[in-house]
Amino acid sequence: MIFQKGAFGIFSGEPIVSFLPIILIGIVFGLAMDYQVFLVSRMREAHVHGADAHESVVDGFRHGARVVTAAACIMISVFAAFMLQGQQFIVSMGFALAAAVFFDAFLVRMTLIPAAMFLMGEKAWWLPKWLDKILPAVDVEGEKLQAISGDSSQHTPKHAAHEEAPDPV
């Protein structure tokens, strides 16, 4: 409404370009999924390593919130800079993107999602048995490989085992 009808004598009213909402939804959805991955992947990692549901949410939020805050502040600054342009289309796009990133990052991803996961407890990590069977067990950190090879602290790399100290000259 601000850009379509004009606001406070600062902006002159102009029609909104028809594809603007589609572009905005695509960009904001992509950024929202990035923020979600930053937060929830760390929560999942803590849960897999043995923390209970409440501890994993707190730990994941403690480590992931800094990344999401920094990324959101950068994106809000970039999109707000669009508002300094003279073209009404770019100004409205910058305002909408900056407002959407602020709302999504700070209210949805860093307030509602962790609160909902904390309240749900262990149920937040529940999967139906049929889905758990067909999903691949991804081991990004390589813990299963370490378990197969034995104690990882005793393991020396192949190149380190064959190195000898240089002869003193």
Side-chain angles (χ1 to χ4, degrees), residues 1-49 51-128 130-132 134-143:
M1 292 295 274
I2 294 172
F3 296 100
Q4 194 170 16
K5 295 191 178 192
F8 313 116
I10 300 171
F11 302 113
S12 60
E14 290 186 17
I16 295 176
V17 180
S18 63
F19 62 87
L20 182 63
I22 297 168
I23 290 175
L24 294 176
I25 288 171
I27 293 171
V28 172
F29 181 78
L31 291 171
M33 291 304 102
D34 284 346
Y35 301 155
Q36 184 75 7
V37 167
F38 287 143
L39 287 171
V40 177
S41 63
R42 181 66 174 131
M43 293 175 191
R44 172 87 174 130
E45 181 181 347
H47 191 262
V48 167
H49 288 298
D52 72 350
H54 296 122
E55 290 174 9
S56 64
V57 171
V58 171
D59 184 61
F61 186 79
R62 182 183 309 122
H63 290 92
R66 294 179 218 157
V67 176
V68 172
T69 300
C73 288
I74 290 168
M75 295 311 297
I76 290 169
S77 299
V78 168
F79 294 142
F82 288 5
M83 293 171 30
L84 301 175
Q85 299 297 319
Q87 297 178 348
Q88 192 70 17
F89 167 70
I90 302 296
V91 172
S92 63
M93 186 169 80
F95 176 80
L97 286 170
V101 167
F102 177 82
F103 176 77
D104 181 69
F106 294 110
L107 296 178
V108 175
R109 304 294 161 205
M110 293 200 319
T111 304
L112 296 178
I113 298 295
M117 292 183 72
F118 191 87
L119 291 174
M120 288 174 24
E122 291 295 329
K123 293 178 184 176
W125 303 109
W126 177 81
L127 275 177
W130 65 269
L131 183 60
D132 193 27
I134 62 174
L135 286 176
V138 179
D139 183 23
V140 176
E141 297 171 355
E143 290 181 355

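Position 1 is the first residue of the sequence, and the numbers go up from there.
Residues Asp59 and Glu45 form no side-chain contact, since every pair of their non-hydrogen atoms from C-beta on lies 4.5 Å or further apart. Tyr35 is not listed as a side-chain neighbour of Val108, based on a closest heavy-atom distance of 4.5 Å or more. Side chains of Val101 and Leu31 form a contact here, defined as non-hydrogen atoms less than 4.5 Å apart. Side-chain contact between Pro21 and Phe19 is absent, with no heavy atoms from C-beta onward closer than 4.5 Å.
To the nearest 0.5 Å, the span separating CZ on Arg62 from CD on Glu55 amounts to 9.5 Å. Rounding to the nearest 0.5 angstrom, the gap separating the CD1 atom in Ile113 from the CG atom in Leu107 is 12.0 Å. Note that the CZ atom of Phe38 and the CZ atom of Arg66 stand 14.5 Å from one another [nearest 0.5 Å]. For the atom pair Ser92 OG and Gln85 CD, the distance stands at 12.0 Å (nearest 0.5 Å). Atoms OG1 and CD1, from Thr69 and Ile74 in turn, are 11.0 Å apart once rounded to the nearest 0.5 Å. Atom CG of Asp34 and atom CE of Met75 lie 9.5 Å apart (nearest 0.5 Å).
The heavy-atom pair separating Leu127 from Leu131 by the smallest distance is CD2-CD2, 3.6 Å. In terms of heavy-atom proximity, Leu39 sits nearest to Met110 at CD1-CG, 4.0 Å. Listed here is the closest heavy atom pair of Ile76 and Ala98: CG1-O, 3.8 Å. Shortest non-hydrogen contact noted between Ser56 and Ala51 is N-CB, 4.1 Å. Heavy atoms only, all atoms of each residue included: Leu24 and Ala96 are closest at CD1-CB, 3.5 Å.
Within the structure, the ring-ring contact (aromatic ring centres under 6.0 Å, His included) test picks out the following pairs touching residues 61-87 (sequence neighbours left out): Phe79-Phe82. Listed by first and then second residue, the salt bridge (charged side-chain N to carboxylate O under 4.0 Å, His left out) pairs involving residues 81-109 are Asp104-Arg109 (not counting sequence neighbours).
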Residues 115-124 side chain polar contacts: donor-acceptor under 3.5 Å, at least two apart:
from   : atom 1 : to    : atom 2 : distance (Å)
Glu122 : OE1    : His47 : NE2    : 3.0
Glu122 : OE2    : Ala53 : N      : 3.1

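Remark: His49 pairs with Glu141, Glu143 by the side chain to side chain donor-acceptor pair (under 3.5 Å) rule, at least two apart or across chains. Among residues two or more places apart in sequence or in another chain, the salt bridge (Lys or Arg N to Asp or Glu O under 4.0 Å) test is passed with Arg44 by none. Residues forming a ring pair (Phe, Tyr, Trp, His ring centres under 6.0 Å) with Phe102 (at least two apart in sequence, or on another chain): Phe106.
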